[in-house]
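This report concerns only the one structure given below.
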There are 4 protein chains.
Amino acid sequence: MTNPTADLDADTKPRRRPRRSAEQNRAEILKAATAEFATHGFAGARIDRIVKKAGSNPRMIYEQFGSKSALYVATLESALGALRTEELTLDLMHLDPLEGLLKLFDFMNGHFERNGHLVSLLRAENMLKARHIRKSARIREMSSPVLTMTKRLLARGVAEGRLAADIDPLRLYVLIAALSQFHLANTHTLSSEFEADLSAPEWRAARRADARKMLAAYLEKT
Amino acid sequence: MTNPTADLDADTKPRRRPRRSAEQNRAEILKAATAEFATHGFAGARIDRIVKKAGSNPRMIYEQFGSKSALYVATLESALGALRTEELTLDLMHLDPLEGLLKLFDFMNGHFERNGHLVSLLRAENMLKARHIRKSARIREMSSPVLTMTKRLLARGVAEGRLAADIDPLRLYVLIAALSQFHLANTHTLSSEFEADLSAPEWRAARRADARKMLAAYLEKT
Amino acid sequence: MTNPTADLDADTKPRRRPRRSAEQNRAEILKAATAEFATHGFAGARIDRIVKKAGSNPRMIYEQFGSKSALYVATLESALGALRTEELTLDLMHLDPLEGLLKLFDFMNGHFERNGHLVSLLRAENMLKARHIRKSARIREMSSPVLTMTKRLLARGVAEGRLAADIDPLRLYVLIAALSQFHLANTHTLSSEFEADLSAPEWRAARRADARKMLAAYLEKT
Amino acid sequence: MTNPTADLDADTKPRRRPRRSAEQNRAEILKAATAEFATHGFAGARIDRIVKKAGSNPRMIYEQFGSKSALYVATLESALGALRTEELTLDLMHLDPLEGLLKLFDFMNGHFERNGHLVSLLRAENMLKARHIRKSARIREMSSPVLTMTKRLLARGVAEGRLAADIDPLRLYVLIAALSQFHLANTHTLSSEFEADLSAPEWRAARRADARKMLAAYLEKT
DNA sequence: AATGAATGAGAGTTCATTCAT
DNA sequence: CATGAATGAACTCTCATTCAT
């Protein structure tokens, strides 16, 4: 007998499930949907699987979000919102410019490694030509503070004569993003091609160190 | 016989298109499928659209390829095969090691910029956890010669005392790939986020020059 | 005073609407449901819309009526009940037979023109093969007094030699009903077909006069 | 040879169903849909039932018609088209005006009695406020020739001094339609209310005779 | 007494795939 | 060899109804 107190327990009646608040339900659905869209993309995602994973039912999704598309946008908003929130806690401006930019890389690399679903959602969104990101007012409002940080650190570094001049902030940002994300977005094909496990922590750590060196070598005035 | 002149007048029935060879049909379907899978991913791709674009009919696809999955694999094989074929024409070994590695970057960057559908197919395949690449014998056989090239150039450069030691060839390859592909795979989200057109030729040229500098700075012994 | 504390703490909990009696609630729901069933029929009617229109909530409907079907039957009972009630106030027996039958037509025509939802509910009920009317004890009990009135007026008119003999009361009743209702039940298709507005008061008045003439011509002994 | 009896009994293999032409299929679907929409109205009609009745499958409906709405419109177009086609074969103009108008009534009464589904479709369409009839170009183009016939017969009858003057053709048409259709559209509620079978052929014949008399009495100059 | 979130069966519609011609 | 009509399972979304508060 696995649970001898079952008889005493008030839950002998088969209740469908304990009632949760609308908020809780919304959160559960969003979580399940994030995993589903990250794993299968928009077209491959299945409402039924989300429902099951969230312990909810199809009607609730449509009550709370309105449509599969809207739910997908909500996962994007949520994942990008979390990134923006963390970005705002970065305190790089008091640092040495080179150190600041390397910390920025560390942050981005770390955030994406910790949040694989964000990488996957961005992949899915690029497959859809960023259609939804472009339409979401909430996402457009949450513009990243990182480009500005990059700009300021670069300017200070150049002014202090310690960083190479003529580096465009946006292009630098894209290079940093490339060094932070590419290996994550392409883990599977690369691991397969080279018969190595690129998701292993050691591999990632070594690669991060290399990328950091590459970035430093580029930035430092020579 | 209802129509005794049928033999004399073969075209009374309106045929929509001139009869093509099986080879031609296969090629048309593959081309249409490549575009479709690149644009919509595996789950989002529609057999009907491929049929229409190829001017063919559903039965032909199943005759020639067997299933949607098999057709998808064929597009991957075809696009990766073209890459491998071009790679084999690379003649880097007679070059100076640094120059050779930079040429390798130029090649990769160029190939991916010219073959956007390959970038998209790799994105789709990563979404599917490289399931098909791993299963395709043909793809596993076509292993890239590039890692070996990288290894040799690196070794020679180190031996000649001109390149930094302690650089792992595979990790270097992944860094080069990152600098070659990331901006292409993420054009849409980046363009949207920064309200810039990252697909513009000028933007791409400037970014490539930056990436090249970054790579050179990293490789050169300091 | 029903609630001595009402003055002290009437509104701590934010109630959206003043509390209504069960009776009031029932009446509001019935009104909203009548409109909904008349507009959309049984299958097309939506509980949610009724709830919203009535300013109530779904549970109340099931508390008060039991089911969508039962609510639908209640609207039928209510609308037919109103008709029967008005019929009982008709005082035709002291009139000249022809005049009495014309007054009966006037009444029916008027009642249906004033109560469009009754016409619509009868349409909906015929679509359902009168399934509910047949099952409702209340409706079967409220048998119309009109057929009896028709019978008596006809009999007197024939006896007095002023109305045509051999007119069957039920068939006469159906003819009168046709002249009273058809143009209302078919306003939309007829208006569309003939590009005229058959719901305009003038059109209705002219048609009523014609129908009255037709009825009189038929009834009068020739 | 795997099956030596194949030649003798071609149907031993469980074939899903003999292949029909697209035309035939379309016709089967339309027939089944007409019955379904007539019986249940638009909202109450079920695609699955139509599919089953037509021995077809859901995809075919959407291939051939596009949507439930479009299929519904097609049934309306078909049923009204049949009416218009029969109307065009009416040859009333050589008749005596009164006789012509009575023949017109006979035709309408007969057509509706023979085509109960048309009555039901018109009922369904009025429930939807003639939304679809108004939008269908095909239906608007098939305007009825009957109003013109009515107009001409009336005019001739008045000119010859044999029919009552001051009768509006459109209103006359609506009265004739009422006498032709009302008892059919309301058979169920009337039968239930009066505990009589208004669908019995004898009842219908008697009623038709009455309606004819009523019409004649109205038209004849007195 | 009153609420509205939650339910899951079932709606219309689309899909990859196959069959008869 | 080539066609495209036919298939039915599975998809997204909606509904009348009930439960926990």
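Please read all numbers here as calculations on a predicted model, not as lab measurements. Letters go in sequence order (proteins before strands), and every chain restarts at 1.
- With a cut-off of 3.5 Å on both pairing distances, E:dA1 has no Watson-Crick or G-U wobble partner at all.
- Rounded to an integer number of Å, the gap from C:R26 CZ to E:dA2 C1' is 17 Å.
- With rounding to whole Å, D:E36 atom CD is found 13 Å from E:dA11 atom C1'.
- As a whole-Å value, the separation of D:I61 CD1 from F:dA5 C1' is 15 Å.
- A close approach under 4.0 Å does not occur between any side-chain nitrogen or oxygen of A:N25 and OP1 or OP2 of E:dA5.
- Salt-bridge check for B:R46 with B:E36: failed, with every basic side-chain N at 4.0 Å or more from each acidic carboxylate O.
- For NZ of B:K53, the number of neighbouring non-hydrogen atoms (other residues, nucleotides, ligands) closer than 6.0 Å is greater than 12.
- Nucleotide E:dA20 is matched to F:dT3 when pairs are restricted to Watson-Crick or G-U wobble geometry with both distances under 3.5 angstrom.
- Note on B:Y62: every side-chain N or O is 4.0 Å or more away from OP1 and OP2 of E:dT18.
- Rounded to whole Å, atom C1' of F:dT17 lies 13 Å from atom CD1 of C:I50.
- As a whole-Å value, the separation of D:E63 CD from E:dC19 P is 19 Å.
- For the pair B:F42 and C:Q64, nearest-nucleotide mapping onto DNA chain E gives the more 5' position to C:Q64.
- Summarising the geometry, atom CD belonging to C:E63 is positioned 5.0 Å from atom CZ belonging to C:R59; distances are rounded to the nearest 0.5 Å.
- Dashed line: the shortest gap from a side-chain N or O of B:R46 to OP1 or OP2 of E:dA16 is under 4.0 Å.
- Of all nucleotides listed (F:dA5, F:dA6, F:dA16), F:dA16 comes nearest to the side chain of C:I47.
- Minimum atom distance to the side chain of A:M60 is reached by E:dA5, of the listed E:dA5, E:dG4, F:dA6.
- For the pair A:S136 (side chain) and A:H132 (backbone), a donor-acceptor distance under 3.5 Å is absent.
- B:A45 comes within 4.0 angstrom of sugar-phosphate atoms only, judged by non-hydrogen atoms across all strands, and of no base.
- Across every strand in view, F:dG8 sits in a pair with E:dC15 that passes the Watson-Crick or G-U test at under 3.5 angstrom.
- D:E28 places no side-chain N or O within donor-acceptor distance of the main-chain N or O of D:G55, the cut-off being under 3.5 Å.
- If A:D48 and C:P58 are placed on DNA chain F by their nearest nucleotide, the residue sitting closer to the 5' end is A:D48.
- To the nearest angstrom, C1' of F:dA10 lies 12 Å from CZ of A:R49.
- Look at OH on D:Y72: it is 15 Å from P on E:dT13, rounded to the nearest Å.
- A perpendicular orientation is assigned to the rings of C:Y72 and C:F37, their planes being inclined by more than 60° (bins at 30° and 60°).
- The side chain of C:R59 sits closest to F:dC19 out of E:dG8, F:dC19, F:dT3.
- Between the CZ atom of D:F65 and the P atom of E:dT14 there is a distance of 15 Å, given to the nearest Å.
- The B:K68 side chain lies nearest to E:dA16 when the options are E:dA16, F:dT3, E:dA6.
- If you find the closest nucleotide of DNA chain F to B:N57 and to A:S67, the one lying nearer the 5' end belongs to B:N57.
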